[in-house]
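One structure is given below, encoded as structure tokens.
Residue numbers count from 1 along this sequence. Everything numeric in this text was worked out from a predicted model, so none of it was measured.
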Amino acid sequence: MRSRGKGKRAAALLALAAFACAGGAAARQMQARRVPLTIEVVAPQADALPAAALQDEEKPSVLLYHTHTWEAYEMTEDAQYVPTETWRTRDKRFNMLRVGEELARCLRDLGFSVVHDTTAFEPPNLSGAYTRSLAMLEARLAAGETYDYIFDIHRDAYSGLYNGANCVEQDGRRIAYVMLLVGKGTGATGAGFDARPDWPKNLELAQCLTDCMNAQMEGVSREVKIKTGRFNQHVSTGALLIEVGNNRNTLEEALAACPIIAQALAQVHAEIR
């Protein structure tokens, strides 16, 4: 969020964007996460921006991070890694850091200012990952950093409920499914957290992005998933968890979904400016 106030003003317009994105989708269908942290940041590269890029102060800002940093995909002949456990690796060439790197590149190419936090939050134990990633978010915001969007990038776990195809195929390309997750912060018993997300606003954003992705490629984004957990989304509106594929997808299939996510965010942001 560039500021919480700005986020709230922008969120008020998301419903309009939802109609626009849903309309585009319909037209297309008709036509065919306490230990001391070491924070590492990949700064935006000036030469990665297009000639017509906006001035820095005008660019929409995005923070990408990975609570479950070591999540990884199905190994292939061209993507062999040393597992920390099944479908997880600390090798940043093959875990979620690689997906975040690709999404950051795609967003920068579209004129976004992107901070990609590459901190590994899983060690020393996976169960404390969300506590450690929250500490990072709180430290950044307390230091005065502001973002329009804060995205925690994960990969999902394969479910037999998918029933068949595990990706979208178009023109010989295989693209992993995407799913946006929104946390209500209520907890399984309804008691939940003291500080909860403004989840309806986050849901509006998630639905807009889902509709816009499906307008680009029918079925590439699954329905928005709403859960009782919080997923650190209380830090600001505009905070979402994005599942890019699952453990049975290949890294290549996951990377292929990044341009679609980036383009959808560009379209939605243009609608709410």
Side-chain angles (χ1 to χ4, degrees), residues 1-3 6-7 10-11 14 17 21 24 39-67 69 92 95-119 133 136-137 140 145-155 175-181 202 205-217 220-221 233 235-245 251-273:
M1 291 269 126
R2 196 170 298 279
S3 69
K6 181 177 178 181
L14 279 167
C21 293
I39 297 176
E40 305 173 36
V41 176
V42 177
Q45 299 298 314
D47 57 3
L49 297 174
L54 298 172
Q55 295 299 311
D56 287 345
E57 63 270 18
E58 298 176 328
K59 295 175 184 175
S61 55
V62 184
L63 172 62
L64 304 178
Y65 72 104
H66 313 276
T67 296
T69 325
K92 63 185 181 182
N95 62 23
M96 298 316 299
L97 295 181
R98 178 65 185 92
V99 178
E101 177 185 90
E102 180 67 10
L103 181 56
R105 182 191 68 79
C106 293
L107 288 168
R108 290 175 186 137
D109 284 349
L110 291 171
F112 286 82
S113 174
V114 183
V115 170
H116 181 204
D117 191 292
T118 62
T119 308
S133 63
M136 176 274 293
L137 293 173
R140 285 185 177 277
E145 296 184 21
T146 57
Y147 300 97
D148 293 291
Y149 307 99
I150 299 176
F151 296 149
D152 189 2
I153 312 300
H154 293 242
R155 62 109 176 107
I175 300 97
Y177 292 121
V178 179
M179 184 182 73
L180 304 184
L181 188 152
N202 288 337
L205 175 60
Q207 191 60 59
C208 284
L209 291 171
T210 295
D211 292 341
C212 288
M213 283 187 278
N214 286 330
Q216 295 178 65
M217 182 174 295
V220 72
S221 185
Q233 293 172 8
V235 297
S236 182
T237 52
L240 295 174
L241 189 155
I242 305 179
E243 304 270 17
V244 185
L251 176 61
E252 183 180 4
E253 291 165 353
L255 296 177
C258 291
I260 297 172
I261 300 169
Q263 187 60 54
L265 183 61
Q267 182 179 343
V268 169
H269 184 79
E271 295 287 342
I272 64 176
R273 289 183 64 183

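When atom types are taken as modelled, the side chain of His154 and the backbone of Glu243 share no donor-acceptor pair closer than 3.5 angstrom. A distance-only check finds a donor-acceptor pair linking the side chain of Asn202 to the backbone of Gly238 [under 3.5 Å]. Looking at Asn214, its side chain does come within 3.5 Å of a backbone N or O of Val220 through a donor-acceptor pair.
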Exercise for the section: Verify side chain to side chain contact (heavy atoms under 4.5 Å, CB included) between Asp152 and Leu181, making sure each step is shown before the conclusion. Expected result: CA-CA 10 Å; Asp152 189 2; Leu181 188 152; over 6 Å; no
Exercise for the section: Starting from the C-alpha separation in whole Å, work towards a yes-or-no answer on side chain to side chain contact (heavy atoms under 4.5 Å, CB included) for Asp117 and Leu64. Expected result: CA-CA 6 Å; Asp117 191 292; Leu64 304 178; over 6 Å; no
Practice task
Apply side chain to side chain contact (heavy atoms under 4.5 Å, CB included) to the pair Val178 and Met213, showing each step before the final yes or no.
Solution key: CA-CA 9 Å; Val178 179; Met213 283 187 278; 3.9 Å; yes
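To the nearest 0.5 Å, atoms CD (Gln216) and CG (Asp211) are separated by 12.0 Å. Note that the CG atom of Asp148 and the OG1 atom of Thr237 stand 10.0 Å from one another [nearest 0.5 Å]. With rounding to the nearest 0.5 angstrom, the CD atom of Glu145 is 9.5 Å from the CD1 atom of Ile150. Separation of atoms OG (Ser61) and NE2 (His269) is listed at 8.5 Å; rounding is to 0.5 Å. Here NE2 of His66 is found 10.0 Å from OG1 of Thr119. Values are rounded to the nearest 0.5 Å.
The closest side-chain heavy-atom distance from Lys59 to Arg108 is not below 4.5 Å. At least one side-chain heavy atom of Arg140 sits less than 4.5 Å from a side-chain heavy atom of Val115. Looking at Leu240 and Tyr149, their side chains never come closer than 4.5 Å, going by heavy atoms from C-beta outward. Leu180 has its side chain out of reach of Leu205: every pair of non-hydrogen atoms, C-beta onward, lies at least 4.5 Å apart. A 4.5 Å side-chain heavy-atom check between Thr118 and Lys92 finds every atom pair outside the cut-off. Residues Gln207 and Thr210 meet the side-chain proximity criterion, which asks for heavy atoms closer than 4.5 Å. Contact annotation: the side chain of Met96 never approaches that of Thr69 to less than 4.5 Å [non-hydrogen atoms, C-beta and beyond].
For Glu102, the salt bridge (Lys or Arg N to Asp or Glu O under 4.0 Å) test picks out Arg98, Arg105, with sequence neighbours left out.
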In residues 253-266, what donor-acceptor pairs under 3.5 Å come from side-chain atoms, sequence neighbours left out?
{"residue": "Glu253", "atom": "OE1", "partner": "Asn249", "partner atom": "ND2", "Å": "2.8"}
{"residue": "Glu253", "atom": "OE1", "partner": "Thr250", "partner atom": "N", "Å": "3.1"}
{"residue": "Glu253", "atom": "OE2", "partner": "Arg174", "partner atom": "NE", "Å": "2.7"}
{"residue": "Glu253", "atom": "OE2", "partner": "Arg174", "partner atom": "NH2", "Å": "3.2"}

